[in-house]
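Here the structure is laid out as structure tokens; the discussion comes afterwards.
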Amino acid sequence: MLPKAYAPKAVEDRIYALWENSGAFRADVKSTKKPFTIAMPPPNATGQLHLGHAVMLALEDIFIRFNRMRGKEALWIPGTDHAAIATESVVIKEIQKKEKIPDPRAKLGREKLVQRIAEFVEKSRGVIRSQVRKMGASCDWTRERYTMDPMLNRCVNEVFAKMYKDGLIYRAERVVNWDTALQTTISDDEIEYVDQEATLYTIEYVGAKQTGGKPILVSTSRPETKLGDSALAVHPDDERFKHLIGKTFDVVWPRGQTIRVSVIADHLIDPAFGTGVLGLTSFHSKIDYEIWQRHRTEIPSYPLHVIGEDGRITDQIKGYAGMKALEAREAFVEDLKKEGRIAKEEKYVQPLSISYRSKKPVEPLPKLQWFIDVNKRVVSYRGKQMSLREILQHVIRAGEIKIIPSLFEKTYFQWIDHLQDWCISRQIWWGHRVPVYYCSTCKNPDGTPLELISVSTEPYTVHELCGSRVEQDPDTLDTWFSSALWTWSTLADPSLADDFSLSLEEILKRSPDFQKFHPTQVMETGYDILFFWVARMILMTTYAVGDIPFETVYLHGLIRTREGKKMSKSDPETMIDPLDIIPKYGADALRLSMILGQSPGNDSRLYEEKIAGYRNFVNKLWNASRFVLMQCDEAKIDPKTIAKLPDSSALALPDRAILSRLQSIVEKVTKGLEEYRLSEVGDTLYSFVWDDFCDWYLELSKGNANTAVLVHTLRKILQLIHPYCPFVTEELWSHVKPADAGLLIARPWPETKEALRNEESEKQFLSLIGVIQSIRKLRADQGIEPAKKLHVVLSSKKHAKLFEEQREHIERMARVEKLEITGKKVKPANVVSAFLPETEVYLSLEGLIDKAKEIERLKKEKDQAEKFLHAIEAKLQDKQFTGNAPSKVIEMGREKQATTKAKLEKIEKQLKALS
RNA sequence: GGGUGGUUAGCUCAGUUGGUCUAGAGCGACUGGUUUACACCCAGUAGGUCACAGGUUCGACUCCUGUACCACCCACCA
């Protein structure tokens, strides 16, 4: 016998082991079944499983389990990401704190530090693995991958080499986003903007004496950067400054810094902003750098580097060198004030760029970096020459990839429109090292060291042509470069990683998994990494493999706190840790609470009561199964032996009705899951189980259960809910499954049986329910205690026979002692009444009726009915309506009119009788 | 500055191409109930002019326009 309440803790780990040992998670590459593949978004190898992962795992597990049961060869590849910057900074901080080493990079050196990080990651990955299991994720652990695996590393190198050869990867000096805290560049997408109150200073840049007229004023929010200017820019048509264009001035700043600036004209300058003159800070602003590049020949003096990588003023700047940028700003402004050169100070709100990683301000600095060109039209995709940007647009426009919810397509296109070349090199040590080597003697025509590419992981030290030493580029690649290959680098045969005689194309050709399982079917992830990751997978995969990485993108929303705030580590009170929840409520309940009542792309709130609510549902399912088993025991029938349903003519009404209803549910659930409408399907199952199955069917079955139908229906329910609640359903399945059936996870998906559909029975069932409900309601309205037995008269021409057949049910469920059923009109006195379509219900209590209460209730009901009738009649009399509305709608209106009219008449009659 | 989404019962949210919606669910509230599947339960009740203002339509929670408030994303006005 099953225990009274479901205890997930006692079940889940055992069931998971059962699944895993059964081989059910493993996909067979030789199978002839159609593939269904998901590449699991790899959690960062640093951390702990959080709700973001939990919702991802729950959704993907539902997709996978459903498709596995439907007969697809389902493959779900798990893995972890080395998470370059995030991991390196975590480990460095740990070393700083625990070992009191202020600069671990300097102290340990590259090799040792990388070793330390690798050790840390190895530990962390083990934690992640066990946490993924706790959620019930049915992924193929035999194919687990890690972004730093040799094969994945090989893929990174191969793609880099290919792009380099195609001229899509290039090295150039550009103003990039420099994270002064982490000492590395970051990409444009890794920048966040925070509104900040700033001061716009208007500085007297060039005195009136020098111009021979008015002084030149410049507005800036970063005065300190002006210390290294080499030009002033104005709009070419700005009459105020036309006479200055082409002139050169010497500017002496406080503390002795002297610069020579030339006045240039550029269309980008907005004459209306500030003074209309821009101090061109070439090295500390992307736009200034661009303008400088355009006008370099007109600007004789070379701009200065004002701020260094450490965020301090460089020693090129007299008087302020060594100060932090902000300190220098204050000092400089103070000095200018003393000289009377601050003409204006205005407060305004300015978006400040901060690093997504370190949350510290980003310093734009000119640096020699590696970039991916998104505009060069050298990529052949589906037989057409396109740029990477164009392919990104094409695959969505052409419908090769579908995004759910579709409104994110708009965001996606907008992002592409703004897309600039992607800076892929990072100045950190943890990650895939740029596979470029520089020859110490050979030079390019422009004098830069000769670049040599090597995809091999073996040491490459000597240039084979000249015999000189070669040195590898010290930088590593953006994490997203390797994760962009994830859908297919994980499918490449790992045993080929060291065979350098093979090209990437050949490797893929010889990788059975890739041939069978790529492209993948769904990419499911949070909308917050649509640009970081999803778009980049599309970009890199279409380029490298010539095909899409996935057919459908399903984006889930963020899980927020009860108050709608983001959960954050810094505020542990608000955090819900899946690992606390699972032992308490079970993984199934957690899964339901994150999926039901949500829609893709929208954030949702999660809190304990919600989870408890779904725990209750899981428990309900548990107890319904207990009930079924008890019925079977009574009948001395083993549920495991029940194989066939009796002929439908031999079935009672509730049996026919529930079987019929089940068919619609199977159909609805199947279709809904095919279309990724998980929340809706979940709700459907929830109410089918609780309302239809438990509250009505099981209750009606008490005492006269048809065990075959009970067991059949329960089995189907367990199958249908299994993708949502794998643990509890698998456990229950073991008690009710057919004798020859294996695990539920491997069970085929239920199919609809048209022969079991029976609309008439469902309608009759509803009439029966209606009668029981209305008797219960009358009793409650009258305040009659439940123990009190009732005398009820049912009058229904249409249903008299039906009610007679179901007499026992009505008597028991509504607690009726004396039940009269008649097909004739009746005129009982001293009763309370309810009027259903085709049926009148009278409850008599011999003088106990509270007349006033009943009259009041009837009047209220009459009011309502009258209002409704008026509305409907007005509609039906409106020729516009009858002329335009479809006949179905009109017919429905007529029906409603008739039933309401009939009801109203009865209410009136009853009112008269009472008064 | 550009864009997107939201605004439906006290709370959290569903509502599929406009008409079986006289707008639903869960939680909470209230009334009553220990009838051996389940108190992690059962029976029942109350509670909404679907943010606001216009428009389209025979008909709008659903489509269009505008307003307000709340989120979010993007952005090289120094």
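Values below: every heavy atom of this structure, side chains too, minus hydrogens, waters and symmetry copies. Here is the naming used below: chain letters follow the sequence lines, and residue numbers restart at 1 for every chain.
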Please state how far atom [atom1] in [X] lies from atom [atom2] in [N], giving the value in whole angstrom units.
{"X": "A:Leu778", "N": "B:rA43", "atom1": "CG", "atom2": "P", "answer": "17 Å"}
{"X": "A:Lys566", "N": "B:rC70", "atom1": "NZ", "atom2": "C1'", "answer": "16 Å"}
{"X": "A:His418", "N": "B:rU4", "atom1": "NE2", "atom2": "P", "answer": "12 Å"}
{"X": "A:Trp622", "N": "B:rC41", "atom1": "CH2", "atom2": "P", "answer": "16 Å"}
{"X": "A:Phe693", "N": "B:rA37", "atom1": "CZ", "atom2": "P", "answer": "14 Å"}
{"X": "A:Asp417", "N": "B:rG1", "atom1": "CG", "atom2": "P", "answer": "21 Å"}
{"X": "A:Phe408", "N": "B:rG5", "atom1": "CZ", "atom2": "C1'", "answer": "8 Å"}
{"X": "A:Ile416", "N": "B:rC74", "atom1": "CD1", "atom2": "C1'", "answer": "14 Å"}

Just call it for [X]: base, sugar-phosphate, or nothing, with non-hydrogen atoms closer than 4.0 Å on any strand.
{"X": "A:Glu699", "result": "base"}
{"X": "A:Gln877", "result": "nothing"}
{"X": "A:Thr281", "result": "nothing"}
{"X": "A:Lys879", "result": "nothing"}
{"X": "A:Asp528", "result": "nothing"}
{"X": "A:Gly597", "result": "sugar-phosphate"}
{"X": "A:Ser285", "result": "nothing"}
{"X": "A:Pro364", "result": "nothing"}
{"X": "A:Lys286", "result": "nothing"}

Side chain of [X] - closest among [options]:
{"X": "A:Pro351", "options": "B:rG5, B:rA75, B:rA37", "value": "B:rA75"}
{"X": "A:Arg776", "options": "B:rU4, B:rA37, B:rG44", "value": "B:rG44"}
{"X": "A:Gln773", "options": "B:rG44, B:rA37, B:rC58", "value": "B:rG44"}
{"X": "A:Arg615", "options": "B:rC42, B:rC40, B:rA14", "value": "B:rC40"}
{"X": "A:Ala885", "options": "B:rA78, B:rC73, B:rG19", "value": "B:rG19"}
{"X": "A:Met892", "options": "B:rC76, B:rG5, B:rG19", "value": "B:rG19"}
{"X": "A:Lys702", "options": "B:rA78, B:rA37, B:rC58", "value": "B:rA37"}
{"X": "A:Arg626", "options": "B:rC58, B:rA78, B:rA37", "value": "B:rA37"}
{"X": "A:Lys777", "options": "B:rU45, B:rA78, B:rA37", "value": "B:rU45"}
{"X": "A:Val889", "options": "B:rG19, B:rA14, B:rC77", "value": "B:rG19"}

Using a 3.5 Å distance criterion without hydrogens, assess whether the side chain of [X] forms a donor-acceptor pair with backbone atoms of [Y].
{"X": "A:Ser679", "Y": "A:Gly597", "result": "yes"}
{"X": "A:Asp588", "Y": "A:Val728", "result": "yes"}
{"X": "A:Arg591", "Y": "A:Val55", "result": "no"}
{"X": "A:Thr899", "Y": "A:Glu895", "result": "yes"}
{"X": "A:Arg715", "Y": "A:Leu710", "result": "no"}
{"X": "A:Asn884", "Y": "A:Gln880", "result": "yes"}
{"X": "A:Asp603", "Y": "A:Leu558", "result": "yes"}

Mutual orientation of the aromatic rings belonging to A:Tyr614 and A:Tyr686 [parallel < 30°, tilted 30-60°, perpendicular > 60°]: perpendicular
Pairing string of RNA chain B (Watson-Crick or G-U wobble, both atom distances under 3.5 Å; | = paired to other strand) is (((((((..((((.....[....)))).(((((.......))))).....(((((..]....))))))))))))....
Please determine if a side-chain N or O atom of [X] lies less than 4.0 Å away from the OP1 or OP2 oxygen of [N].
{"X": "A:Tyr348", "N": "B:rA78", "answer": "yes"}
{"X": "A:Ser599", "N": "B:rA14", "answer": "yes"}
{"X": "A:Arg605", "N": "B:rC13", "answer": "yes"}

Could you work out the separation of [N] and [M] based on their [atom1] atoms and round it to a whole Å?
{"N": "B:rA14", "M": "B:rC27", "atom1": "C1'", "value": "14 Å"}
{"N": "B:rA29", "M": "B:rA46", "atom1": "C1'", "value": "9 Å"}
{"N": "B:rG24", "M": "B:rU49", "atom1": "P", "value": "15 Å"}
{"N": "B:rG3", "M": "B:rG48", "atom1": "P", "value": "38 Å"}
{"N": "B:rG26", "M": "B:rG66", "atom1": "C1'", "value": "36 Å"}
{"N": "B:rA25", "M": "B:rC42", "atom1": "P", "value": "15 Å"}
{"N": "B:rU62", "M": "B:rU20", "atom1": "P", "value": "14 Å"}
{"N": "B:rG55", "M": "B:rA60", "atom1": "P", "value": "12 Å"}

Nearest atoms (heavy-atom pairs only) where A:Asp421 meets A:Val374: OD1-N, 3.1 Å
Output all residues satisfying side chain to side chain contact (heavy atoms under 4.5 Å, CB included) with A:Tyr356, sequence neighbours left out; order by chain, then residue number. A:Glu190, A:Glu192, A:Phe532
Less than 4.5 Å apart, any side-chain heavy atom of A:His284 and any of A:Tyr289? no
Is there a side-chain contact between A:Lys286 and A:Arg174 in this structure, where contact means two heavy atoms from C-beta onward sitting under 4.5 Å apart? no
More than 12 foreign heavy atoms under 6.0 Å from CD of A:Glu197: is that the case here? yes
Nucleotide by nucleotide, nucleotides 21-27 of chain B touches protein heavy atoms under 4.0 Å in the pattern (B base, S sugar-phosphate only, - none) -B-----
